[in-house]
Each structure stands twice: as structure tokens, then as C-alpha cells.
Protein chains: 2
Amino acid sequence: MPDGHTENINQGVTQRSSKYFKEANEVLSNRQKLILKAVVDNYIEYAEPIGSRAISKRNDIGFSPATIRNEMADLEDMGFLDQPHTSAGRIPSNKGYRYYVDHLINQNKMDISKDECNHISQLFTRQFQEFEQLLGETANILSQITNYTSIVLGPEIYRTKLKHIQIIPLSDGNLIVILVTNTGKVEHKSLTVPEGVSIHEIERLVQFLNRKLVGVPLYQLKAKLYTEINQEIQRNAHEYEQSMELIDQLFKEQDNVSNHKVYVGGTTNILNQPEFSDIEKIKALFSMFEKTEEVKELMKSDHKGIDVKIGTENTVEAASNSSIITATYELEGIPLGTIGIFGPTRMDYSRVISIVEFLAKDFSTFITKLYK
Amino acid sequence: MPDGHTENINQGVTQRSSKYFKEANEVLSNRQKLILKAVVDNYIEYAEPIGSRAISKRNDIGFSPATIRNEMADLEDMGFLDQPHTSAGRIPSNKGYRYYVDHLINQNKMDISKDECNHISQLFTRQFQEFEQLLGETANILSQITNYTSIVLGPEIYRTKLKHIQIIPLSDGNLIVILVTNTGKVEHKSLTVPEGVSIHEIERLVQFLNRKLVGVPLYQLKAKLYTEINQEIQRNAHEYEQSMELIDQLFKEQDNVSNHKVYVGGTTNILNQPEFSDIEKIKALFSMFEKTEEVKELMKSDHKGIDVKIGTENTVEAASNSSIITATYELEGIPLGTIGIFGPTRMDYSRVISIVEFLAKDFSTFITKLYK
DNA sequence: ATTAGCACTCACTATTATTGAGTGCTAATA
DNA sequence: TATTAGCACTCAATAATAGTGAGTGCTAAT
């Protein structure tokens, strides 16, 4: 008995009065937990309401249908279960899922299979030309293993550190600026040269920036530029005004938007879920996946590690019937980006949580090895 | 009468015997053309079979339902029309669509509206940071205007010319090579440095390559390297073997795959089409869009300008119920990439053809202005 | 050569009846 | 007092049936 409770399993109905206390002390009796878990487990597997008789027949339950009916009525009163119509069985409500995730997840189901493990590890033995390729492949594998839709957010560029600045003159008046970061990410941007600035002058400027800014995290770049280094540029550069204009061009508008790159894999998997058999719902979801801003919003989390958002806990309208499970990955302890799984609220939480957790950890150690 | 035919419109039925000649001389009478066109136009607009009575009531047709029934029976015999079931009207077959596209498209419907025109032109007044952004926006606008799914293939990199090679040393033993092309495209690739090659040596090599290879189209790069320049490297480089190993790394595996970038826009638009109300079909299509290789295959064309593929003319299985209209865009007269529209075989050919044609031309002149 | 007339076909819709899984309540039971 | 058996009731889902109407092909009249 891992649980501290010593409550006798046969007296759950005293609990029934708890509805009078509203949210105050919603402690479920062991029997109620057992029944709630049975309902959720069954609905996750079969996507159909389950009735008292079917629950009673499960071999981990030793009560008659009538008893279970009473308990289910209570659980419904408390908001953990819903009933599609009078003569149907019960299904979990969002609150029910939440309780399930927080308290009822089967610990011994939490370890993932050898196969899946291998599948994931194999990913990290491969050679990748570019970081982006790794991210794309990760999304693919994740969706293959889970049979849900996967989302991977690339590193927020501002968490990475500057490794090198390089300029390449293009045709008259244009040049390409290339920023290389410590994740090997190459950002490029084409700029126009302000009037009266010579190539030579620009090269001097770039050399100077390289000397001063390498190793600085990108999100500090702008601040550093405008405070510490400002005077020095003024002293060094021949045409101060124009140099600053160039620098302004380089860094403008980059900081409003979090510019994670977004990788979505296995979008077609949602079509296997019976809850998305309606064309209108499908359309809403696919439109959402096309809008990177919404996807980022979806993946937002305020803490490191695993995060589970169930149904209406999602702030994105189109996802209010779905759940999302995310985990952050890190480089040198700093959270860089996020990987996640998108599926119906009826998703297999325990399985997916363990897979996402495992993958995020492996991913972190892999890139740490790669770029340290 | 733009048509050279002087055939009396009232004697189409002599044509009925043409079925005995198989494909040989499938010349349709004017009346048959009129009726075929009516069927196709109607089906394009309403997605429903049309019967003889409805056709007879159209104001451009002056025949009784009975006459039209006879003609329709003939057109069905010849394979231009299909009949879903006995008591339904007729719908066009693939062959019917093909004839329609080749001979019956309404010339005066071919000019596009002011609104659409403006919408497109407006695209080319904007400033784009990168070429890729332009491509993505083009796909978006195209799908918005047409209400179908749009596909844009980026420039085949091998058609563009080398503008600059640059190297950036990373952590020990790794470096990033950056190729800039005349479209402003930046390709980067990380390599490992072979044993015993100094940074200095590499810089010499890159300088040399820059001198020799700038302006060469990428698809000639390898050939040029291994023939003309080979000896010179041998003379110049201190460590010939290792230098060649580095160069091999740089260019390996790039030439098998045509590495167009693929942009797909408005995939959700296909969900508005009644022919894709079946989940299985939707799944097949979306899986197809996820596989870039299939998308490229879909967009393949063996000639410049407009290309229309109808239904089973597509080599991609999943698209055998769909049509695709493509046009190439060019830089300095060389076809670089393709833009296209994907929709049901029942798509509005005349409208889409004119839009795609118009956009591709504008696009070509725009990028020519931009990079010349 | 064309068309009016007519019997026939067949998908689609609406109506109705049937079935069965599930419930809530009450009374009996351990 | 907690549990369970029993029973009347609900209601979605399925099946069966009939009715409707848009469309056809063929024949005979124009």
C-alpha cells in the first residue's frame, strides 16, 4: 500500500456528503478512486462510456453494479464524471482527468517498453548535418511512437550564445549578416548599407563586435550593445551614426516575437481519433497547426520539466477538447525549447508522460554532449 | 465565331457513330461541345450531377431535354461523361475534364478580377527579409485567392549561382561552411576537419575556391571542381589529400535529391470540398502533404509555363482524384522553381489557370528585378 | 432531325417500430 | 447500516417500410 490512507475500502459512501463542502475537502474514498480510475482507463482505451455492470465485472473490482451506480452518481455530483445521456454509461470530465493525472496514474505502467526505448536511443546515435534536422526527426519519431501529434519547439534563439558574427557583401548596397550560435544554429539576415558607409568601415565594426560580444547570450545582446559598448563604438567608429543605424537594423523586431522554430509531426494521427471525426473540428485543428503563434501559445509552460494541460486548461480555443503534454529540454541547465504531444483529452496520459519525459532527458544530454 | 468550324449546329448526331472509330477522330459537334461544357461548368459550380432538363433550361442552350439526353448518351459512350447511377444526371469524366481544359475554356472568363490582381501585386511591393519568406507568403496568398491548396517549390539550389563561400570555425575540429547564392539564399553545413589540417590551410583553400568558383551555377560546381581546378589545388594546397576530403564532405549527397524547399499553404481548404468529406481520403491527402518527396513528384513538369494534370494523370496515388495546375517561375530566363494549385478534379480550371499564370509571371519579373 | 409522352429506376427522406444497454429508486439482505 | 437484487423507465441506435422526385431510355408523333 503505497498510500498513507488506512481507510477501509468498504466505507466510501460516507464520502457522499462531501458535496456539501464544495471544493473544500474533496478527498475521494479508495473505492471512489478505484471506480474513477476504472472509468478513465476504460474510456482511454475504448472511447466509449462505461456502465456500472461492466465496471463490476472488471477483476480488480469486487462490488455489485448497484453499489457502483451509487458511487458513480456521487462522482458525477462532484463533477468528476459526465453522462452523455440518461441511459448511457459515464465518461470522465476534465476534472476527472485532472484527478486521474494528479493522483491515479499507474506507477507500474510508467516504464516504457524496450522497443520504444531503443527507437528513441537510436535517434541519438545518428549523425545530423544540422540541429534543425535533429528537431524534425525528433518530432517524427515522437509521433510514430505515440500515435499522436507531436510538436517540437526549436531553441529560443535568445537563450543561445553568440559564437561568431560574419558579414558577406552582396550586390551594391546589400549585405548578409550571419550570426552563429553555440548550438551551431546559423541565423542570417540581409541588410541595406546606410549611405556613406564603406565596406572597410563595416568590416572594422564586425571585427569589433566579434571581439566584444562572443559568448554573450543573444537575449542580452541588445542591452550590452547599448550600454557597455556604446561609448567604445563611438570612440572607434569613424561614422558613429551610420554604424548605429546598421546595428539597429540588425537587431530590430527580433525581440518581440519568441522565434522558436516549430516542428509538427504526425498531424494525420489525430484523424485516427474518433473524437475528431467531425470535419469542422478537423478544420479547426489543422488551421491551428498552420498558425505558429497558436502552436507556441499551446506549448507555453511556466516551469521546467513535464507539464500537462487538459481540455479547457488550454488557452487556445481550438484545443479546448484536447490535451497537451510538454517537457522542456536543456543545454547546460538552461531550458532551450520544448517537446510535446498533442492529443484528445482521452489520451493515454501515463504512457505519453513517460515517453515525453524520457525523450526530453535523452535529448538534453545528447545536445549537451554535442555542443559543450 | 472564333472557331474555324462552319458546321451547322443542328447536325451533331451524325457524330454519334464516332464511337466506332475509337480514339481516331473524336471530333465533337458544336452542340456536343456546348453540352459537355454545360455539364462541366455546372459540376464545377455545384458539385452535383446535372440532368437534361436543367441543361435545356440554361439560356445558352435551345434544345429540348430529349435531344440533350440523346447527346449525353453519346458523350457517355465516348467516355466524356459518367453517370453515378441510372436515375442521376451526368458528371464529367477525367477525359471530359481534359477536353474541357484543352478546348472549351471560356476565353472571356480568363481575365482575373481587379481585386485579385491587386492582392497579388501588393505582395510584390513588400520588403522581404529573405527569399524563403517571400515563398511562404506567395503560398499563403495563392491559397487565399483561390480557396484551394497551394504549393510553392523554392529555387532548385543547383540552378542558382555561387556568390560566396565562407567558413566559420566552431569548437574543436568542427567548422561551418556557408554558401551564398545569387538569390540571396544562404546554405550552411557543418563539417569536421580532417586530421592534420590547419585552420590556416583551410582559409587558404576557401580563398582559392572563392576566386575560382564564384559565378558558377551550383549544379556545375562539382564537375568544375574535379576537372578544371583539380590540378591547381594540387599545386597550391599543402595537404592535397586532406583538402580533397574536406571538399568531398562539402558536396557529397547533395546531388541525388532535388532540394527544392516546399511550401504548402491552405491545406485546410481541401476540407471545404465535398469530395473530401471522407476521413480516409483526408488522411491520405494530408499524409501526402507531409511527405515532401511526393509533393515534389506531384509538381514535376517537363516544360516551362502552365501545366495541368487531371485526376489519374497524376503519378502520385493519393492525388488520383485531384487535379493540379502548375507554372514555373524563372530568373534570368532559367526556370528556378514552381508554383501550383492543388484541388479536386472539379476545380475551376479557367480561373485558377489565369491566376497561376499571372502570379508566376509577376513573380519572375519581381525576382529578376531583385537579384539582377 | 427533333421532341412530346410515358413507364421505369433508384437515391434520398421521413416515419415508425424494435432493441438493449444503462439508469435511479425501493425493498430485501447480511 | 452498508450492500445488493429487482424492476420500471429512458433513450440512442438500428432496422424496416413507404413515399417522393429527379432523372433516365424508348417509342411514336411532328
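Per chain, numbering begins at 1; letters A, B, ... match sequence-line order.
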When both distances are under 3.5 Å in a Watson-Crick or G-U wobble arrangement, the nucleotide paired with D:dA28 is C:dT3
Between P of C:dA4 and CD1 of B:I68, the distance in whole Å
11 Å
Just compare C:dT3, D:dT4, D:dA12 and give me whichever is closest to any side-chain atom of A:H85.
D:dA12
For DNA chain C, which residues in residues 273-281 of chain A have a heavy atom at a distance below 4.0 Å?
none
For B:V356, the option from B:I306, B:V308, B:T326 that meets side-chain contact (heavy atoms from CB on, under 4.5 Å)
B:I306
Would you say B:S322's side chain and B:P344's backbone share a donor-acceptor pair under 3.5 angstrom?
no
Name the closest nucleotide to the B:A66 side chain, picking from C:dA4, D:dC11, D:dT4.
C:dA4
Between atom CZ in B:F63 and atom P in C:dA4, what is the gap in whole Å?
13 Å
Looking at B:R346 and B:I44, would you say the former's side chain and the latter's main chain have a donor-acceptor pair under 3.5 Å?
yes
Between CE of B:M288 and CD of B:E297, what distance do you get to the nearest 0.5 Å?
11.0 Å
Atom CG in B:L75, atom CG in B:N70: separation rounded to 0.5 Å?
11.0 Å
Could you go through nucleotides 21-24 of chain C and list every protein N or O atom that sits under 3.5 Å from one of its N or O atoms, giving the distance for each pair?
from, atom 1, to, atom 2, distance (Å)
C:dG22, O4', A:S87, O, 3.3
C:dG22, O3', A:A88, O, 3.4
C:dT23, OP1, A:R90, NH1, 3.4
C:dT23, OP2, A:S52, N, 3.2
C:dT23, OP2, A:S52, OG, 2.7
C:dG24, OP1, A:R90, NH2, 2.9
C:dG24, N7, A:R69, NE, 3.1
C:dG24, O6, A:R69, NH2, 3.3

Restricting to ring-ring contact (aromatic ring centres under 6.0 Å, His included), what partner residues turn up for B:F289, sequence neighbours left out?
B:F342
Can a donor-acceptor pair be found, under 3.5 Å and without considering hydrogens, that links the side chain of B:S320 to the backbone of B:G311?
no
B:T268 side chain vs A:S287 backbone, donor-acceptor pair below 3.5 Å
no
Write down the distance between CG (A:N30) and C1' (D:dA2), rounded to a whole number of angstrom.
17 Å
